> 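Got a structure for you, written out below as structure tokens; questions coming shortly.
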Amino acid sequence: MVFACIRNLEYLIPVTEAAVSSPRWELYKLLSEPMRLRLLALANQEELAIGELAELTGEQQPNVSRHLKPLRRLGLLVERKEGTRVYVRLDRGALSDPVVADAERTGRRLCEEDGSAARIPAVLRAREAPSRAYFDGQGESELSFPTELGAYLAALAPLIPQRSLAVDIGTGDGSFLEVLAPIFRRVVALDRSAARVEQARQRMSHRGFSHVELEVAELADDSLPERFGGADAVFAARVLHHAPVPGAALKHLAALAAPGGAVIVVDYDKHDDEAMRAEHADTWLGFEERELTRAARAAGLEDVSITSVPALRCGDGPDGHLNWIVLVGRRPTAAPCDN
């Protein structure tokens, strides 16, 4: 008789040969395949699409799907559908099982040996390649705001107590700057596309806003908090759905805010319009309020709130048929005290 003790929750369960057909023994059999160990480890590093996993492992996508299926069935991997794409990640509680934890460590070593773990950053950069090409290829945009808008916003500006500095991430052609510039005394506008920054610069020159600083920069640039941190408000308008890892982007946004400063994210509510991905290089098809709130809190923001904006208020642009959401959170005024 084969006898083993298996940790299950907070007590030990004895298992004999008679229990070979149990789900527990099925787990052992499942984890005897190196390919599945590699998939566990990769899915623990980052939420990845099946196609991305195929690229990392060098396997055909149908073969990757075949190995993923039993891992999902046993609850080790969590699946999330994004239109026609399927993303998987390791279940949060999976590593509490010592057998799964050991399997993941073994898979991590295999991924380090074959180089697949080191290729994850390149895969994430590839996610945003269509987005970069899309924005760099955009032509001139019309100045669609009413010419008197700046005057109206300037009249409202004194009602906002903290308005020394605003940072606009992913400023694009500068449309949102026409709202921020009349209100804030200093505005820093950043975008990763040189072509879009030039469009924004022409717009600001046309409007006479000399206090707006424009620069080509990546949100992940570690020098940004030192150079432009301490903002009263950090804005990301229709940017997050282009980010390869939205949670990481939110952390970078939070790092730019002053203690007590606000982070404001304007983006799309969850939708299924694949045309936004195909025609506008969107990486994500919007966000659920719950997942966006969770990501904001994980980024260290507090007092997080979300407001829904129905499509009828979102203009007549290519995304005007979508419902939008606005997230507002604040950077804590002081670090939490350790008890």
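Worth saying up front: this structure is predicted, and the values here are computed from it rather than measured.
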> For the pair Glu79 and Arg89, find out whether any cationic side-chain nitrogen is under 4.0 Å from an anionic carboxylate oxygen.
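Salt bridge flag = no for Arg89 with Glu79.
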> Establish whether Val265 and Val188 are linked, either directly or via other cluster members, by ILVMFWY side-chain heavy-atom contacts under 4.5 Å.
yes
> Hey, are the side chains of Leu27 and Leu76 touching, using non-hydrogen atoms and a 4.5 Å cut-off?
yes
> Check whether any side-chain heavy atom of Arg186 sits under 4.5 Å from a side-chain heavy atom of Ser164, and report yes or no.
no
> Do you know which of Val78, Leu95, Leu42 makes side-chain contact (heavy atoms from CB on, under 4.5 Å) with Leu90?
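Testing Leu90 for a side-chain contact (heavy atoms from CB on, under 4.5 Å) against Val78, Leu95, Leu42 leaves exactly one candidate, Leu95.
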> Check whether Val179 and Val263 end up in the same hydrophobic cluster, where Ile, Leu, Val, Met, Phe, Trp and Tyr are linked by side-chain heavy atoms less than 4.5 Å apart.
no
> What closest approach, in Å, do Ala258 and Arg331 show between heavy atoms, and which atom pair accounts for it?
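That would be O-CB, 3.6 Å.
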> Taking the side chain as everything from C-beta on, heavy atoms only, tell me whether Leu31 gets closer than 4.5 Å to Leu40.
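SC-SC contact between Leu31 and Leu40 confirmed.
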> Between His242 and Ser131, is any side-chain donor less than 3.5 angstrom from a side-chain acceptor?
yes
> May I ask you to decide if Ser308's main-chain N or O and Trp324's side chain share a donor-acceptor pair within less than 3.5 Å?
no
> Could you tell me whether Arg203 and Glu178 have a side-chain N and a carboxylate O separated by less than 4.0 Å?
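The answer is yes: the pair qualifies as a salt bridge.
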> Could you tell me whether the side chain of Ile183 reaches within less than 4.5 Å of the side chain of Leu180, counting heavy atoms only?
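Side chain of Leu180 against side chain of Ile183, heavy atoms only: no contact under 4.5 Å found.
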> Using every non-hydrogen atom in the two residues, find where Ala296 and Leu250 come nearest and quote the distance to one decimal.
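Nearest pair, atom of Ala296 first, then Leu250: N-CD1, 3.8 Å.
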> Tell me, please, which residues at least two apart from Arg163 pass side-chain hydrogen bond (donor to acceptor under 3.5 Å, both in side chains).
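Applying side-chain hydrogen bond (donor to acceptor under 3.5 Å, both in side chains) to Arg163 gives none.
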> For residues Leu301 and Ala254, report the shortest heavy-atom separation together with the two atoms involved.
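Reported closest heavy-atom pair: CD2-CB, 3.8 Å.
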> Look at the side-chain heavy atoms of Ile, Leu, Val, Met, Phe, Trp and Tyr, link any pair under 4.5 Å apart, and say whether Phe209 and Phe235 land in one connected group.
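Same hydrophobic cluster.
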> Return yes if some donor-acceptor pair links the side-chain N/O of His271 with the main-chain N/O of Asp273 below 3.5 Å, else return no.
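A pair under 3.5 Å: yes.
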> Do Glu215 and Arg227 have side chains that get closer than 4.5 Å, going by heavy atoms?
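Contact flag for Glu215/Arg227 side chains = yes.
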> Indicate yes or no for a side-chain donor-acceptor contact from Arg277 to the backbone of Trp284 under 3.5 Å, with no hydrogens or angles considered.
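Side chain of Arg277 to backbone of Trp284, a donor-acceptor pair under 3.5 Å: no, none is there.
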> Looking at residues at least two apart in the chain, or sitting in another chain, which of them share a side-chain hydrogen bond (donor to acceptor under 3.5 Å, both in side chains) with His67?
Arg36
> Assess whether a salt bridge exists between Arg80 and Glu82, defined as any Lys/Arg side-chain N lying under 4.0 Å from an Asp/Glu carboxylate O.
yes
> For Asp319, give me all partners under side-chain hydrogen bond (donor to acceptor under 3.5 Å, both in side chains), at least two apart in sequence or on another chain.
Arg238, Tyr268
> State, with a plain yes or no, whether a side-chain heavy atom of Glu55 is found less than 4.5 Å away from one of Val123.
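With C-beta onward as the side chain, the pair touches.
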> Sequence neighbours left out, what passes side-chain contact (heavy atoms from CB on, under 4.5 Å) with Val197? Give chain and number order.
Asp191, Arg201, Leu214, Val216
> Evaluate side chain to side chain contact (heavy atoms under 4.5 Å, CB included) for Phe287 paired with Asp267, printing each intermediate quantity in order.
CA-CA 8 Å; Phe287 303 94; Asp267 220 286; 3.7 Å; yes
> If you compare all heavy atoms of Val64 against all heavy atoms of Ala54, which two are closest, and at what distance to 0.1 Å?
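For Val64 versus Ala54, the nearest heavy atoms are CG2-CA, 3.8 Å.
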> My understanding is that only residues two or more places apart in sequence, or in another chain, count here; which of them pass side-chain hydrogen bond (donor to acceptor under 3.5 Å, both in side chains) with His252?
none
> Is there a donor-acceptor pair under 3.5 Å between the side chain of Asn323 and the backbone N or O of Pro310?
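Flag not set: sc Asn323 to bb Pro310 has no pair under 3.5 Å.
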> Given 3.5 Å as the limit, does a donor-acceptor pair link the side chain of Glu112 with the main chain of Arg109, or not?
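No.
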> Determine the minimum heavy-atom distance between Ala243 and Thr283, stating which atoms define it.
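Shortest heavy-atom contact: O-CG2, 4.1 Å.
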> Could you report the tightest heavy-atom contact between Asp136 and Ala195, atom names first, then the distance?
O-CB, 3.9 Å
> Could you check whether any side-chain N or O of Asp232 sits under 3.5 Å from a backbone N or O of Leu165, counting only pairs where one atom can act as donor and the other as acceptor?
yes
> Would you find a donor on one side and an acceptor on the other, under 3.5 Å apart, between the side chain of Arg38 and the backbone of Gly107?
no
> Please tell me if the side chains of Asp91 and Leu77 come closer than 4.5 Å, counting only heavy atoms from C-beta onward.
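A side-chain contact under 4.5 Å is absent here.
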> What do you reckon, is NZ of Lys251 surrounded by more than 12 foreign heavy atoms closer than 6.0 Å?
no
> Determine whether a donor-acceptor pair (N or O, by modelled atom type, separation under 3.5 Å) exists between the side chain of Glu274 and the backbone of Thr84.
yes
> Hey, is Glu52 close enough to Arg119 for a salt bridge, meaning N to O under 4.0 Å?
no
> Under the 4.5 Å side-chain heavy-atom rule for ILVMFWY, direct or indirect, which residues accompany Tyr134?
Phe135
> Do the side chain of Ser96 and the main chain of Gly93 share a donor and acceptor less than 3.5 angstrom apart?
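Yes; at least one donor-acceptor contact below 3.5 Å.
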> Ignoring hydrogens and geometry, is there a side-chain-to-backbone donor-acceptor pair from Glu288 to Arg290 under 3.5 Å?
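Here the side-chain-to-backbone pair does not exist.
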> So, do Leu190 and Phe228 sit near enough that their side-chain heavy atoms are less than 4.5 Å apart?
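Yes - at least one pair of side-chain heavy atoms lies under 4.5 Å apart.
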